[in-house]
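I have placed the structure first, in the form of structure tokens, so that the comments after it can refer back to it.
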2 protein chains.
Amino acid sequence: MATIYDVARAAGVAPSTVSRHINGHSVRQSEAIERAIGTLGFRASASARNLRKGNTQVIAMIVPDIQNPYYAATVAGAEEIGRQNGLRMVLCNTDEDIDLEDDVLRDIAGRVDGAILVPASERSSTSLFDAPNAIPLVLMDRETLGKRRFDTVTIENHRGGVLAAQHLLDLGHRDVAIITGPVTASQSRARETGFLEVFANADIQVPDRFIVRGDFREAGGYQAALDILSARRRPSALFVVNNMMSMGALRAINDLRLRLPHDLSLVCFDQLPCEGVISPRLTTIRRPMEEQGAMAMRLMLTRLRAEADDDRDHEPRTLTLPVELVLGASTARAGQGAAPVTLVEDDR
Amino acid sequence: MATIYDVARAAGVAPSTVSRHINGHSVRQSEAIERAIGTLGFRASASARNLRKGNTQVIAMIVPDIQNPYYAATVAGAEEIGRQNGLRMVLCNTDEDIDLEDDVLRDIAGRVDGAILVPASERSSTSLFDAPNAIPLVLMDRETLGKRRFDTVTIENHRGGVLAAQHLLDLGHRDVAIITGPVTASQSRARETGFLEVFANADIQVPDRFIVRGDFREAGGYQAALDILSARRRPSALFVVNNMMSMGALRAINDLRLRLPHDLSLVCFDQLPCEGVISPRLTTIRRPMEEQGAMAMRLMLTRLRAEADDDRDHEPRTLTLPVELVLGASTARAGQGAAPVTLVEDDR
DNA sequence: AAAACGTGGCAACCATCTATGACGTCGCAC
DNA sequence: GTGCGACGTCATAGATGGTTGCCACGTTTT
């Protein structure tokens, strides 16, 4: 690889002049330098530049599951804002695995200027970022237990649960079930709490066997739904706190030959990977996904600027984005059972 | 951040000894050094190490659409192999945009030891990797036009098209349509060619209006399917060359109130994001997805080893993975479903 | 004529790795 | 006791490839 010295020699100037040219200062010999760069195919070494400047212009985004379209959407949002501000983004996957996450964080910490993290668990170790000179960390979606607070962009999780519950209650459902996440996941816990509170306020106690914990994955949702729906006394409505588990629940509903909303009302959280293909349209709690990623990147940008300005008092901010209930045809009045609208006959 | 000098001072040894310890040589004072590293929270600067050693132990994977579960699966496969061999992986998105791709490649080239690329188009510029001292590039799924050959892991695209066509032909379909990709995408072109050849050999010419090009995205598949299926004379079978466009086609089929396989037989390529939720089960052409990513990473590893051994004659290899036809219930014998010639009334 | 400004070169600097030569220690063979 | 090699250690110095503060120089402005 050609170095800046090769370019300087070819253009007949000093290396520092080439450097200045590259970095946007006006230079008299710029044409000659450009020509030399072109013929030599010169590209400045990222490592050398990083070493000297102490930054990389790269932000890492670390998510538990790249296969989840929700994360894919937030990534897209963050990437867009990053691009507009001259920051590259790289994506890392932790597979909902807290050890792998730790590994990734440790490894990535020296290579990027900041990290946007969706913690695998509230026990995720953010201690790497506790030091005063550590790179900035922005948390997304879930929160962690560490003593230090970080910039965070979350959503109205509690209200999401409330909206789902209120909707089902309004439709007259009293036997309801919920498929929620691990106890260590703050966001699903909030959704669950909101949901249960509404029913508790209406003097309805959701039985323990109807509160099933999954792992946010499709397979977990499938199993949880099977457990709930195979019971002798089935609930008339089901709330699933994330999209992948909703997929699994739908598969279980399909396998059990249950029809929505005739046999069961279903409320999901987040858009599913296959919206538009599923019939009936699902009733879901939605949030602005791209926007959430974008906000995380904006928080990162202001944090980076604060650091550049040596503004050490810049308080961590927590942004909470709104959720809304989007009505579909997967929920109906309890006991009535509107005519099911299936995509096609399943004639297997 | 603590440097290696700080550690040396704290442990009472020379910096070079710390370096040796870190790099796995046996050192007498290793406990003292470890202790110093621990108390100082020392992490070797990635930039300095990269600059000195000339490598990063990071591989970039660059895909056109992280939202596509097929890519997500290949990423998982590649990541696993990489992890087993001490390589970190980062993921970049190009949004099927050839300019953005160029940007990403240019930017990433100096930061990683190698790149696994799913080119956005066969016109994608791989010239950055033409130089004899450039970092290795492994192509996945699609190929490019450049004169230089690269390690490539592809699948039996042509045979996939043949299998789909043969299946439909065996079922007696003669009026068939295909939703394919841009002409510049080698993989969809091969699928398309295989498909059309089978029918041509049976003296069946697929009319041009039934060969529609999409952009591999859901919206493109939707529009293409609408175009095809709104025609006065509808085909009795449809082949869609990728999963996202299949999702769009399914949505169109839904909107048009067509029933599978009664009104239309459908064959898709690759697993859809929502397998298991869709009814009926789709007839699809499948390939080993994780395995494809894993093979790409293995090619990368052997290539990196060859470079380390200064084995410059190591010929680029092309691996081709098998596809298979997985029967579902979205295809049926032609005419049996009494494929209607006119559109079903839309009663909304 | 003096001040301001654009420009270019020199050299220091970023954090790490490594080659070199010198040195001490140890075990072992003579 | 001496010689020898293996080994671990040290200090030093050079190298990696850029960036940047400082100064000198020349040109332009006031």
Side-chain angles (χ1 to χ4, degrees), chain A residues 1-37 40-58 86 106-113 131 133-135 307-308, chain B residues 1-34 36-37 40-58 106-113 131 133-135 307-308:
Chain A
M1 203 59 184
T3 75
I4 202 170
Y5 297 94
D6 302 327
V7 175
R9 196 168 339 109
V13 299
S16 52
T17 307
V18 178
S19 174
R20 273 188 277 267
H21 169 72
I22 294 170
N23 289 286
H25 299 244
S26 63
V27 157
R28 218 169 302 166
Q29 317 257 42
S30 52
E31 328 78 31
I33 295 175
E34 270 305 319
R35 217 170 322 119
I37 288 176
L40 290 170
F42 168 76
R43 306 237 58 232
S45 148
S47 301
R49 171 174 285 172
N50 296 347
L51 175 59
R52 179 61 228 243
K53 297 190 116 170
N55 68 36
T56 63
Q57 305 287 93
V58 179
R106 200 171 295 283
D107 203 90
I108 217 71
R111 305 180 186 279
V112 297
D113 287 355
N133 52 1
I135 61 169
E307 291 210 345
Chain B
M1 202 60 183
T3 75
I4 202 170
Y5 296 96
D6 302 327
V7 175
R9 197 169 338 109
V13 299
S16 49
T17 306
V18 179
S19 175
R20 273 188 284 268
H21 169 72
I22 294 169
N23 289 283
H25 299 245
S26 65
V27 155
R28 219 168 306 180
Q29 316 257 44
S30 51
E31 325 79 32
I33 295 175
E34 271 305 320
I37 288 176
L40 290 171
F42 168 76
R43 306 236 60 230
S45 147
S47 301
R49 170 174 282 173
N50 297 347
L51 175 59
R52 180 61 229 248
K53 297 192 121 172
N55 68 37
T56 63
Q57 304 289 90
V58 178
R106 200 171 294 284
D107 203 89
I108 217 72
R111 304 181 185 278
V112 297
D113 287 355
N133 52 2
I135 61 170
E307 292 209 345

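Throughout, a chain's letter reflects where its sequence line sits, starting with A, and its residues are numbered from 1.
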- Residue set satisfying side chain to side chain contact (heavy atoms under 4.5 Å, CB included) with B:S16, at least two apart, ordered chain then number -> B:A14, B:R20
- Item | Set of side chain to side chain contact (heavy atoms under 4.5 Å, CB included) partners for A:I4, sequence neighbours left out | A:P15, A:V18, A:S19, A:I22, A:F42
- Note: chain A reaches DNA chain D at heavy-atom distances under 4.0 Å over the stretch, first to last nt, 5' to 3', of D:dG17 to D:dG21
- By side chain to side chain contact (heavy atoms under 4.5 Å, CB included), which residues pair with A:A36, not counting sequence neighbours? A:V7, A:A10, A:A11
Under-3.5 Å N/O pairs linking protein and nucleotides 6-9 of chain C:
| unit_1 | atom_1 | unit_2 | atom_2 | d |
| --- | --- | --- | --- | --- |
| C:dT7 | OP2 | A:S26 | O | 3.1 |
| C:dT7 | OP2 | A:S26 | OG | 2.3 |
| C:dG8 | N7 | A:R20 | NH2 | 3.4 |
| C:dG9 | OP2 | A:A14 | N | 2.6 |
| C:dG9 | OP2 | A:T17 | OG1 | 3.2 |
| C:dG9 | N7 | A:S16 | OG | 3.2 |
| C:dG9 | N7 | A:R20 | NH2 | 3.1 |
| C:dG9 | O6 | A:R20 | NH1 | 3.4 |
| C:dG9 | O6 | A:R20 | NH2 | 3.1 |

- Message: Looking at every heavy atom in both A:G86 and A:Q57, which two are closest together, and how far apart are they?
- Response: O-NE2, 3.9 Å
- Counterpart residues, salt bridge (charged side-chain N to carboxylate O under 4.0 Å, His left out), relative to A:R9 (two or more places apart): A:D6
- Can you name the salt bridge (charged side-chain N to carboxylate O under 4.0 Å, His left out) partners of A:R106, sequence neighbours left out? A:D102
- Query: Residues from residues 46-58 of chain A sitting under 4.0 Å of DNA chain C, heavy atoms only?
  - Reply: A:L51, A:R52
- Task: Sorted by first residue and then second, give each salt bridge (charged side-chain N to carboxylate O under 4.0 Å, His left out) pair with at least one member in residues 21-33 of chain A; sequence neighbours left out.
- Result: none
- Message: Under a 3.5 Å threshold, yes or no: a donor from one side chain and an acceptor from the other, between A:H21 and A:E34?
- Response: yes
Would you tabulate the side-chain donor-acceptor contacts of residues 44-51 of chain A under 3.5 Å, counting partners in other chains and residues two or more places apart, or write 'none'?
| unit_1 | atom_1 | unit_2 | atom_2 | d |
| --- | --- | --- | --- | --- |
| A:S45 | OG | A:S47 | N | 3.4 |
| A:S45 | OG | A:A48 | N | 3.0 |
| A:N50 | ND2 | A:A46 | O | 3.1 |

- Compare every heavy atom of B:V112 with every heavy atom of B:V58, then report the nearest pair and how far apart it is. O-CB, 3.3 Å
- Query: Could you state the CG-P distance from B:N23 to C:dA19, rounded to the nearest angstrom?
  - Reply: 12 Å
